[in-house]
Novice: 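Pasting a structure below so you can have a look.
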Amino acid sequence: MNWKKVSLFVIIAIVIILQFIPYERPETSAENPDDLLLNNGLPDTIAGIFRAACYDCHSNETNYPWYSHVAPVSWLVTRDIRIGRENMNFSDWESLSKMDKA
């Protein structure tokens with residue numbers, strides 16, 4: 001075998017092995033009594049924009065895309081969701097202080 005085939009084999013083996021390294025995705029929940037959209041009566045167009053652009057990372061209602069199950073991308077998605085929820089979680093909106101909401 002030449003070095004290109006060996007290199008390709010090693011890379012494929014590493015990618016397969018990475019799939020077995022466990023990671024813990026943030027929990028999802030459909031029941032969020034303090035949710036921004038549930039309690040504030042925003043217009044449907046605005047609510048749709050929030051759901052499409054913000055809610056996957058900034059709420060407890062995350063819809064994980066297919067690639068979020070493939071390492072090492074899954075680790076990046078998990079990290080981004082955790083950071084997003086720490087900075088702003090719309091599922092906890094009503095429990096925030098007025099200063100935090102501003």
Novice: Within a strict 4.5 Å, meaning less than it, do heavy atoms of the Tyr55 and Leu36 side chains meet?
Specialist: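 Yes. Closest side-chain heavy atoms under 4.5 Å.
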Novice: Under 3.5 Å, is there a donor-acceptor pair between the Arg85 and Thr62 side chains?
Specialist: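 Per modelled atom types, Arg85 and Thr62 side chains form a pair under 3.5 Å.
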Novice: To the nearest 0.5 angstrom, please state how far the NE2 atom of His58 sits from the CD atom of Glu86.
Specialist: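 Rounded to the nearest 0.5 Å, the NE2-CD separation comes to 11.5 Å.
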Novice: How many angstroms lie between CD1 in Ile17 and CD1 in Ile12, if you round to the nearest 0.5 Å?
Specialist: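 The CD1 atom of Ile17 sits 12.0 Å away from the CD1 atom of Ile12.
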Novice: Look up atom CG in Asp35 and atom OG in Ser29, then write down how far apart they are to the nearest 0.5 Å.
Specialist: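 If we round to the nearest 0.5 Å, Asp35:CG and Ser29:OG are 10.0 Å apart.
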Novice: For a quick check under 3.5 Å, do Asn89 and Asn60 share a side-chain donor-acceptor pair by atom type?
Specialist: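 Distance-only check passes for Asn89 and Asn60.
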Novice: So, Asn2 side chain and Lys5 main chain: donor-acceptor pair closer than 3.5 Å or not?
Specialist: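 Between the backbone of Lys5 and the side chain of Asn2 there is a qualifying donor-acceptor contact (under 3.5 Å).
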Novice: For the NZ atom of Lys101 and the OG atom of Ser95, what is their distance to the nearest 0.5 Å?
Specialist: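 Taking NZ in Lys101 and OG in Ser95, the distance rounds to 8.0 Å.
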Novice: Would you say that Val77 contacts Tyr67 through its side chain, given a criterion of any heavy-atom pair below 4.5 Å between the two side chains?
Specialist: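 Yes - at least one pair of side-chain heavy atoms lies under 4.5 Å apart.
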Novice: How far does CD1 of Ile14 sit from CD1 of Ile11, to the nearest 0.5 angstrom?
Specialist: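 Nearest 0.5 Å value for the CD1-CD1 distance: 7.0 Å.
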Novice: Are side-chain heavy atoms of Lys4 and Leu8 found at a separation under 4.5 Å?
Specialist: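 Side-chain contact under 4.5 Å: no.
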Novice: Atom CG of Asn40 and atom CH2 of Trp93: how far apart are they, to the nearest 0.5 Å?
Specialist: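 That separation rounds to 8.0 Å.
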Novice: Does one hydrophobic cluster hold both Tyr64 and Trp75, with members joined at side-chain heavy-atom distances below 4.5 Å?
Specialist: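 No, because Tyr64 and Trp75 fall into different hydrophobic clusters, even though each may have its own neighbours under 4.5 Å.
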Novice: Give the other cluster members for Leu76, using side-chain heavy-atom distances under 4.5 Å between Ile, Leu, Val, Met, Phe, Trp and Tyr residues; answer none if it is isolated.
Specialist: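 For Leu76, no cluster forms, as it stays isolated from other hydrophobic side chains.
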Novice: With a 3.5 Å distance limit and no angle check, can you tell me whether Gln19 reaches the backbone of Val70 through a side-chain donor-acceptor pair?
Specialist: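 No, the answer is negative, given that no donor and acceptor are paired below the 3.5 Å cut-off.
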Novice: Sequence neighbours excluded, which residues qualify as salt bridge (Lys or Arg N to Asp or Glu O under 4.0 Å) partners of Arg51?
Specialist: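 With neighbours one apart ignored, the set is Glu61.
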